Amino acid sequence: MNSLLLRPLPSATTSGSLVGRVSPASPRLPGAVAWPRDGRCRRGGVAAAGAWMEEAARRNPAFSESYRPAGLPRPNGTVLEAQGRVCTGPEQTRPLGEEQAMRVLDTILRSATGELKDEPVSSAQLGAFFAGMTIRANCFPEATQWSEGERRAMSLFWPRLVHVLPPEVKFIADPEGTIMGANGLTGPRYIGQGTAEMRLVGALREVLAGGHLGYEEIQCVLKDVLPFGSMGASSPSVSEALLAAFLIGQRMNRETDRELKGYCLAFDDELGPPPIADVNSLTHYGEPYDGNTRFFRSTLFVAAVRACYGEACLLHGVEWMPPKGGITEGQMLKFMGANTHLSPTQAKTLLEDKDTGFAYLNLQEACPPLYSIIGLREHIKKRPPLATSEKVQQFVRARGRESMVAGFYHVGYEDPLLMLMRRRTVHAGLVVKGEEGALSLTTKERSAHASKGIPVNHCSGFRTPSSANFSETDGISRESFRVAVDAQELGFKSTETPRTDKSVLKNLELGLSALGGDKGPAYDRIVLNAAMADHLLGCSGAQDINSALDRARKAIDSGNALRRLMNYIKISHKVS
């Protein structure tokens, strides 16, 4: 597979031992499950994960939806469905038909008059929906502007809505008084309440007209308004409708590089300088925070494998995130009894620990302001700019070499992710179009009838070069690469990806059985993803892809990877 046989790179200073040490048996921890002392998983169904897995299943919810934070109000389903159609990009938007538009506006009207007690339309939904309608009217191509049905519905309902909607929503619906005619006079005069809201309104006027903002403007707005709402540290300083309109509007306008940098770096100093781990190599994993809903998610198990030979891995995310609300690393670790609320300093300790070598950080501890808008994100329906920038975070630094890996799905976000990684001044960066837009490369052969566009298993990135022909950015020399990974050329049998369908228990059964030595699709995917990360990032000992694959298999077959994962569950409760 010539495209994958990259030129040799400078090696890291040292590499960890392939066979780690097993920690002595520890006392039972409160809330944790009892682990088998031999470090091996038994095979066959639920028993493949051992009796401790059955105990974990009794203690914890088995499906990802159960990890949704308690107390979050549900959005109105009728309006949320419409948001999915109209709050998206210039080519992706699907205008509403007249019947659906009538139903949506009638729902908004009845909610505003207090008739919908059980399922009201939230302020965030109002902000997002009307922001979508305004941006489409102002700057989208003709095919995705308002349909005739939408125009007729709005002409019928707006004269009544204008009397019951709050002023900030009327501003969002017609900021310059050019859309709603005589009934759109609030927008031009609206300035907001308080300094933070006034600054947000000024920025939002530009966004609603299809414009863009500067790096400093983005940072000022975010620091003004976050943390936000009931999950934040204080009462909201701005209207929920205005913030929702701002976030979805930025995404609909397709963020510029400077806007994404503003989102990415806004809270770097929130907890002070990041701790520096005394490790030779550290990879930051940027999985989509909203998880997997269909297929096996392998990254947690990949991290345990790579840690066996000195490639420390830092995972970060949340337990549950919209819009998908799928399986996350946080859910799996919590299910198994790990401490999932570590500080960055505690994560540093686990990265340095010879018996673990990887760590997981929850956004709630790593960056509370960004965590505070999970509820609002559910109500805007579509992913905001933060869904891109949060994958490129650096909550812990390393004394040695640093790399970043992030998943993507939509065309147009591959290069921005790499740009953000370069801005982080890491030595190597990799973006992957894995299954479901996550990081998992598949061993399944690509169908001849696969849809056009960027294929699954597409990878691109940069790394420290071993020769000339490289670009210089941010003071670090790098060379770029772009490959499509063909698992069959690497000797893997084509297999269907195991389905998990939001079952945390099923995902864990697959991953733990694979780490216990069960050969099959999950085992192959863990090996492939560990070895390809090592190889493409230019890690020590992985210049030859076949050697990298053999090393990953040895980490599993020796029992080392499984021992490290089990060690993590115990040690995560002991770090201080």
Side-chain angles (χ1 to χ4, degrees), residues 65 68-87 94-137 146-175 179-187 190 192-193 197 208 228-231 235-236 238-249 322-323 325 373-382:
E65 183 61 27
R68 182 178 182 273
L72 288 183
R74 297 276 183 180
N76 178 277
T78 299
V79 177
L80 197 71
E81 180 184 0
Q83 290 170 242
R85 294 176 62 98
V86 304
C87 295
R94 294 166 292 157
L96 305 179
E98 184 170 355
E99 181 182 349
Q100 185 176 10
M102 291 280 193
R103 185 167 62 253
V104 169
L105 294 175
D106 178 67
T107 299
I108 292 173
L109 178 63
R110 289 189 295 120
S111 178
T113 56
E115 295 180 36
L116 297 183
K117 301 294 186 184
D118 295 333
E119 195 181 2
V121 181
S122 69
S123 295
Q125 287 189 274
L126 291 173
F129 175 77
F130 282 109
M133 297 296 286
T134 297
I135 290 172
R136 290 173 57 212
W146 290 15
S147 67
E148 286 302 316
E150 287 172 316
R151 293 181 187 278
R152 286 191 290 269
M154 194 67 77
S155 66
L156 176 64
F157 278 92
W158 186 254
R160 287 179 278 175
L161 287 169
V162 76
H163 296 295
V164 294
L165 291 176
E168 65 268 23
V169 176
K170 289 187 281 188
F171 155 69
I172 295 166
D174 194 1
I179 299 174
M180 303 298 185
N183 289 310
L185 300 179
T186 300
Y190 187 76
Q193 299 179 358
E197 194 164 279
L208 293 173
F228 183 84
S230 60
M231 297 182 76
S235 299
V238 299
S239 158
E240 189 177 88
L242 293 172
L243 181 54
F246 179 79
L247 292 174
I248 200 60
I373 58 170
I374 287 180
L376 184 138
R377 286 173 67 163
E378 183 179 18
H379 285 241
I380 67 174
K381 176 61 177 177
K382 306 298 284 188

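Numbers here simply count residues along the sequence, with the first being 1. Given the structure is predicted, the values throughout are model-derived calculations rather than measurements.
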Counting only N and O atoms by type, is there a donor-acceptor contact under 3.5 Å from the side chain of Thr134 to the main-chain atoms of Ala173? yes
Under the rule for side-chain contact (heavy atoms from CB on, under 4.5 Å), what residues qualify as partners of Arg68, not counting sequence neighbours? Glu65, Leu72, Arg74, Trp320, Glu378
Using a 4.5 Å cut-off on heavy atoms from C-beta on, say whether the side chain of Trp158 contacts that of Ile179. no
Donor-acceptor under 3.5 Å (Glu81 side chain, Thr78 main chain): no
Measuring only between side-chain heavy atoms, which start at C-beta, is Ile108 closer than 4.5 Å to Leu165? yes
Can you find a heavy atom in the side chain of Leu247 that is under 4.5 Å from one in the side chain of Ile373? yes
Among all residues two or more places apart in sequence or in another chain, which pass the side-chain contact (heavy atoms from CB on, under 4.5 Å) test with Pro323? Asp290, Arg383
Between Ser111 (side chain) and Leu116 (backbone), is there a donor-acceptor pair under 3.5 Å? no
On a heavy-atom basis, the closest approach of Ile135 and Gly249 is CD1-CA, 3.5 Å
Gap separating the CG atom of Leu156 from the CZ atom of Arg151, nearest 0.5 angstrom: 15.5 Å
Could you pull out every donor-acceptor pair under 3.5 Å between side chains of residues 119-133 and any protein atom, sequence neighbours left out?
residue: Glu119; atom: OE2; partner: Gly77; partner atom: N; Å: 2.6
residue: Ser122; atom: OG; partner: Gln125; partner atom: N; Å: 3.1
residue: Ser122; atom: OG; partner: His379; partner atom: ND1; Å: 2.7
residue: Gln125; atom: OE1; partner: Asn76; partner atom: N; Å: 2.8
residue: Gln125; atom: OE1; partner: Ser122; partner atom: N; Å: 3.4
residue: Gln125; atom: NE2; partner: Asn76; partner atom: O; Å: 3.0
residue: Gln125; atom: NE2; partner: Gln83; partner atom: OE1; Å: 3.0

Using every non-hydrogen atom in the two residues, find where Ile380 and Ala244 come nearest and quote the distance to one decimal. CG2-CB, 3.5 Å
Taking salt bridge (charged side-chain N to carboxylate O under 4.0 Å, His left out) as the cut-off, I'd like each qualifying pair that reaches into residues 156-172, sequence neighbours left out, listed once. none
Considering residues at least two apart in sequence or located in another chain, which fulfil the side-chain contact (heavy atoms from CB on, under 4.5 Å) criterion with Glu99? Arg103
Contacts of type side-chain contact (heavy atoms from CB on, under 4.5 Å), residue Glu98, not counting sequence neighbours: Met102, Arg152
Do Pro95 and Arg136 come close enough that some side-chain heavy atom pair is under 4.5 Å? yes
Taking the side chain as every heavy atom from C-beta outward, state whether Val162 and Met180 have any atom pair closer than 4.5 Å. no
Quick one: CD1 on Ile172 to OG1 on Thr186, what's the gap to the nearest 0.5 Å? 12.0 Å
Is the backbone N or O of Leu376 less than 3.5 Å from a side-chain atom of Glu240, with the two atoms forming a donor-acceptor pair by type? no
Where do Ala82 and Val104 come nearest, in terms of heavy atoms and distance? CB-CG2, 3.6 Å
